[in-house]
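One structure is given below, encoded as structure tokens.
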Amino acid sequence: MIKLKIDGKSIEVESKKTIIQVADEIGIDIPRFCYHKKLSVAANCRMCLVQVKNIGKPLPACATQVMDGMEVSTKTKFTKEAQQSVMEFLLINHPLDCPICDQGGECDLQDTAVAYGTSQTRYAEEKRVVINKNIGPLISTDLTRCIQCTRCVRFLKEIGGVQELGLVGRGEHAEISAYVDKSVESELSGNIIDLCPVGALTSKPFRYKARTWELIRRPTISIHDSLGSNLEMHIKDDHVMRTLPKENDEINECWISDRDRFSYEGFYHSDRLLEPMIKKNKKWQKVDWEEALDFFTQNIKKIIKRDGEDSLAFLHSPQSSLEESYLIHKMANQIGSSNIDYRITQNNFDFSGAWLGCEIREIETFDNVIIIGSNLRLDQPLLANRFRKMVNNGGKLTLINSSDHDPLIPLEKKIICKSGEYKLQLIKMLRALYEIDPKKIKNEDVLNLIKKEKINLDTLEWLKRFIRGRNKKAIFLGQSALETKDAGDLVLLANALTESISGIFGSLSNYPNGVGLDLISHKQELHNLKEISEKNISAFIALNIDPKNDIRSKINILKTINKAKFKTAITPYFGEEFDSFDCVLPMAIFTESSGSYINIARKLQTIKAVTSPKGQARPAWKILRVLGNYLGLDDFEYDSSDEVLCKVVHPKKRLTFPSISTKSLDPNWTLSIDDANETSEIFSLEQSDMIVRRAASLQEKKRKQLANNKKGVL
Amino acid sequence: MTTLSKIITKKIDNELLKYPKDQKKSAVMAALQFVQAEEGWLSNDNIGEVAKYLDIPEIAVMEVATFYNMYDLKPIGKYKLSICTNVSCMLRGVDSLVSHVKNTLNIDFNQITHDGKFCLKESECMGNCDAAPMMVINNEKMHEKLTPEKFDSIIKELK
Amino acid sequence: MPDERIIPPAQKKSFPLCLATKHLENPADINTYLSIGGYETIKKILNEKIAPADLLEQIKVSGLRGRGGAGFPTGLKWSFMPKGIKGDKYLVCNSDEGEPGTFKDRDIIRYNPHQIIEGMIIGAYIMDATVGFNYIHGEIWSEYLSFGEAIKQARKAGFLGKKILNSSFSFDLHAVHGYGAYICGEETALIESIEGKKGQPRFKPPFPATHGIYGKPTCVNNTETFASIPWIIKYGGQAFNELGVANAGGTKIFSVSGHVNNPGNHEVQLGIPFAELLNMAGGIWKGRKLKAVIPGGPSTALVPAHEIMQATMDYDGLSKIGSSLGAGSLIIMDDTTCMVSVLKRLSYFFYEESCGQCTPCREGTGWVYRIIKRIIEGNGRLDDLSLLKDVSNKISGRTICALGDAAAVPVLSFIKHFEVEFEYFIRNGKSMIETSND
Ligand SMILES: Cc1cc2nc3c(=O)[nH]c(=O)nc-3n(C[C@H](O)[C@H](O)[C@H](O)COP(=O)(O)O)c2cc1C
Ligand code: SF4
Ligand code: FES
């Protein structure tokens, strides 16, 4: 600990901190442009110059480490004069186009100029003009406004994992550019819009749509992956105009993925279902809610009467909130059907209770990690960044994957194999562990299975390195591993392995509310997707699912569904994919409804609606409640989603989660030819759900990427 | 897309020996120089190829190629004539030499003669000021203590 | 013990120490260097296993100050290199001389490359460095090639590589080539450049001694600094120190250019009176009169004739008259020189060569240049001079590297000494000086 003074205030801080970090902590404002707490220090803008006692020239607060006995002044004439002169230099070549600049109102340069600049300009020479570049459909450039702070360059290199932008040229001629006319491809690219302290990089979809001061800001979270990134929706006239990150160090830090940022365009796609519709005489008809509800109730009752309760099946989306899931389960249950599932991309249902196994930010602290079956950057772009940081901190990452999708992280080891072989890889590791220390493995079935396996020297060698010492180690199963036919065994084996080496086992499932839905369903005796697919189903109810595109499971559930006589979808969108349905009820999307979600790290987050639902759409929990009433089910009276939530989580008690459970292992397993050839396909992040698939700019970016056929990005 | 010639990749491989194995990027300046010496100038494609060969992002190579003055990102004709106009040369009359050169070749700085033979560049100090004024041809051949007459005879020889 | 024959009488100022082989036949060849006792010092060190600390002590005693411009005591700098750590440590010779008027390192490379190499080997031995680079100015191609040849010769002779002269000491050296960026002379920009990046200086601290090339400990010294090392170790630090004057030990190569009869390099003892040096360069050409001198390269302040004629060429001597020794690059201007035009060219240089990362340097150098250009074009305003001074003062001391400071120096010193000339130009739209073109 060292002692110093800033503006007369005495404080004690850790050494190794910089003046700006300390000042930020104690609320002393130092202007800055190039400094950003999550990026490397460039110290190039010189805006943060401060006076340090006994030093003749002003020092950059962002790059100067505090020292014992240091006396820093941020408000003296000396400091002011230095800051003012930097401000003057920054403005001489900066266009005075604030009135038409999208950054107006939230521009660091504008704000700082007002606070630290002088009013008159002494620059009478010609101003610099920079030609704009097209760097893709998401980000608009106005490079004459650029102040060369290089935040965007550093972000893409350090957080994005690969340098996509550069400052080309030298001196005054230096300008931000991509290679020739290349677009920026990072799945985190939108963050450079936030990072740019001026209006040089702005959001293309948002361009000229609104002035910032007209916008109302409301918090929400993202439901496009399993992190639950915190968002701030900017709203004008009950319309989401843009999405920004809301800082949460535990989850998304100050970043969000492009999918989270630009999916809002999908909210207003013309496919939005605005009124209930029913099919009469094979023709769709718009009806009011009452008629739709009557229609639904009559048909369901008819079917129950004729084919029995068990002929009803329910599928809901992994994006469902706790409240929605609770109500649809309750409905199935009270009707008397156990045909309900949400795991619409899985092929194996022999496990439950898997989660990240640690806090999200803890990932950065691991020393040794193995990830099996994950296209990290596509599944959860921000989790990929945590692993990237782990490697930057000296951690080692091994990736076992069926595709050679580049995580943009330096890997310790990479094993590319068929996804059917993941299990064999784990067995080899356990076998090697057995060789190292036979006592470590406790599970009998595992022991029996691995004893038959020949020891693989290569595996032995790297596993030795992996388990060495008291290092923090972990094994994670990614989404594509969890989607294999072996998923249950993979969980069992990975869990057994990490237990025996005192490591952590984690799931990188990208189900947005997977942990929450597991919490609701695991206690109940239910038929899973596979079992349902083998039954005769007469009535089918889909909640927030586009059966054609969302169900990625190889289990042929679609055939079963198609045979059903009466099909209802509670859905925000309507298109030809619902042609075979009989009744569609318009539901609100997540930003138009309240709801609760539990992220992959078991964090519960409850959000409120940020706008009202479009048209006649209603929050799904309300729709389910009313359907319950119409069907005459007991205890379906809820005034608010909070009341529903209370049924799932006790407001006063801590959440308790099921521990990992798996079915038993077949000790006679050997790798069959079929399994050996199983590969999981790479699923692009632009296809993940109904909203994203309708977000125009994201789709445009995707199209461009496919056209350029860039390596690594699908 | 063309690929780097064998001769060039061999030269680059040689250069790489100067640096640790995981620091291939260090060879980028030399690699660009080899390519430029062979091709005359650096096209975007050349830059992309060097990036690929050294396994670094194209934009990182672009940054280097645009930072250092001696890389030419546009065609320079057969002979690039770089003349230093900095103070020591200026004091020794480079300005009148430059007027002579411009008149003789009928071009300005950064232009190429009609026959595509000569390109004129203004250069910063070449660290050769005792031989002012001077000119370097294609970044390699230095001509010292230039006079209009000397210049004329050099050009004559090249024509 | 100092060799009596080597120490010249005090009155004989010319002293080829770094340029020891220049007057010999085939000066750059290893045999020539061996013939004057070259590489004997490193042989002796390795044979007798002389402790690095003892050698470092001699460097400290010698009073050698870095010849790259800043004049930092070399012995002190070398003592900053961390000891006893694993992995590579780098030693870099800075031959990027790009400061206008400087061409001394060129001559050392051209005529006496092996003395640089031996100096680096000794330095590596002292600092326990494993790999060395000589970063050579992009514009001098043949010197780059010839230095590469010299390295080959030295390696073949067993002075470079693994287990040098069968000792346990290993060190290898490579030549690398700049490609046209003055800023790469700045040591951290040079390090970035060796890493294959744009030459943009890094903020210090951390200093190269702890975070240099690839984040490894690195020591950067000027060519002339390294070339002085073998002599110092051979004859002792004290002998070297006695060559110069107080606070300025040893010899210095002065590059003299501009309006003199014989431009060129002169290696002399530090402390030589300017007038004597001017004589060695043949005096002002064409029988004209001296007007002013830039004594150490454009980043040192301009000195008018009457002041420089009284000065001695050493650190204190020049600082007394408000300038500095810099790299020892004298740009001599006769009385037909238009100071406004010279300043325009110099400010263009700094504008053109600014790496562009820091705001004051990037924006300020362009601003300054444009104002002077406007004055030259006949559109000057009377308040331009105070504006020029103010802008320069606002660049100075506020940037990452010293280029920003350097850019301010000519503006301030030219206006200080020749304000009348500037005012005349502004008022009349033309120069006060009739520049002759012959
Ligand atoms: C803009 C700028 C240019 C420089 N150019 C050179 C150069 O060309 N050669 C050189 O030796 N040092 C140059 N230096 C000084 C170096 O940064 C460094 O101080 C020097 O190489 C150290 O060597 P020395 O201690 O032996 O002088 C330059 C410094 C600055 C700020
Ligand atoms: S002072 Fe100039 S040259 Fe030095 S780092 Fe800053 S911008 Fe670059
Ligand atoms: S914020 Fe410190 S220099 Fe830019």
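Convention: sequence-line order gives letters A, B, ...; per-chain numbering from 1. Fair warning: this is a prediction, and the values are worked out from it, not measured in the lab.
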Pair C:Ser193, B:Tyr68: side-chain N/O donor-acceptor within cut-off below 3.5 Å: yes
Going from NZ on C:Lys344 to CE on B:Met90, what distance comes out if it is rounded to the nearest 0.5 angstrom? 8.0 Å
If you draw a 6.0 Å radius around NZ in B:Lys102, do more than 12 non-hydrogen atoms from other residues or ligands fall strictly inside? yes
I want to check something: taking the side chain as every heavy atom from C-beta on, are C:Glu353 and B:Asn69 in contact at a cut-off of under 4.5 Å? yes
Could you grab the distance from atom CD1 of C:Ile213 to atom OH of B:Tyr19, nearest 0.5 Å is fine? 9.0 Å
Intermediate values then yes/no, side chain to side chain contact (heavy atoms under 4.5 Å, CB included), B:Met70 and C:Trp141: CA-CA 12 Å; B:Met70 289 166 68; C:Trp141 175 245; over 6 Å; no
Which atoms of C:Glu99 come close to chain B, meaning under 4.5 Å heavy atom to heavy atom: side chain ones, backbone ones, both, or neither? backbone
Which atoms of C:Ile294 come close to chain B, meaning under 4.5 Å heavy atom to heavy atom: side chain ones, backbone ones, both, or neither? neither
Between B:Lys25 and C:Lys197, does the side chain to side chain contact (heavy atoms under 4.5 Å, CB included) criterion hold? Intermediate values first, please. CA-CA 8 Å; B:Lys25 192 175 181 183; C:Lys197 304 184 205 150; 3.7 Å; yes
Report the option among C:Glu195, C:Lys198, C:Lys104 that has the most heavy-atom pairs separated by less than 4.5 Å from atoms of chain B. C:Lys198
Interatomic spacing from CG in C:Asp172 to CG in B:Leu17 - rounded to 0.5 Å: 10.5 Å
If you count every heavy atom of other residues, nucleotides or ligands that lies below 6.0 Å from B:Lys150 atom NZ, does the total exceed 12? yes
Answer whether the closest heavy-atom distance between the side chains of C:Pro263 and B:Arg92 falls below 4.5 Å. yes
If you count the non-hydrogen atoms of other residues, nucleotides and ligands that lie under 6.0 Å from CG in B:Asn106, is the total more than 12? no
Tell me, side chain or backbone of C:Phe133 under 4.5 Å from chain B's heavy atoms, or both, or neither? side chain
Reported CD-to-CD distance for the pair C:Gln200 and B:Glu63, which is rounded to 0.5 angstrom: 7.5 Å
For the student: nearest non-hydrogen atoms of B:Leu91 and C:Gly258, plus distance: CD1-CA, 3.9 Å
Among B:Glu124, B:Lys141, B:Met142, single out the residue with the greatest number of heavy-atom pairs under 4.5 Å to chain C. B:Glu124
Pairing of B:Asp130 and C:Arg106 as salt bridge, 4.0 angstrom limit: yes
Closest approach of B:Ser26 to C:Ile194 (non-hydrogen atoms, all atoms of both residues): OG-O, 2.7 Å
Gap separating the SG atom of B:Cys125 from the CD atom of C:Glu97, nearest 0.5 angstrom: 8.0 Å
Side-chain heavy-atom pair B:Phe67, C:Cys355 within 4.5 angstrom cut-off: yes
Chain B contact via C:His137 - which portion, at a heavy-atom distance below 4.5 Å: side chain
Ignoring hydrogens and angles, state whether a donor on the side chain of C:Tyr179 or B:Asn139 is under 3.5 Å from an acceptor on the partner side chain. yes
Counting only non-hydrogen atoms closer than 4.5 Å, does C:Ser341 touch chain B with its backbone (N, CA, C, O), its side chain (CB onward), both, or neither? both
Pairs of heavy atoms under 4.5 Å with chain C: top-ranked of B:Glu15, B:Gln23, B:Met126, B:Met29: B:Gln23
Between B:Thr85 and chain C, which part of the residue has a heavy atom less than 4.5 Å away: side chain, backbone, both or neither? both
Return the CD to CD1 distance between B:Glu140 and C:Ile140, rounded to the nearest 0.5 Å. 13.5 Å
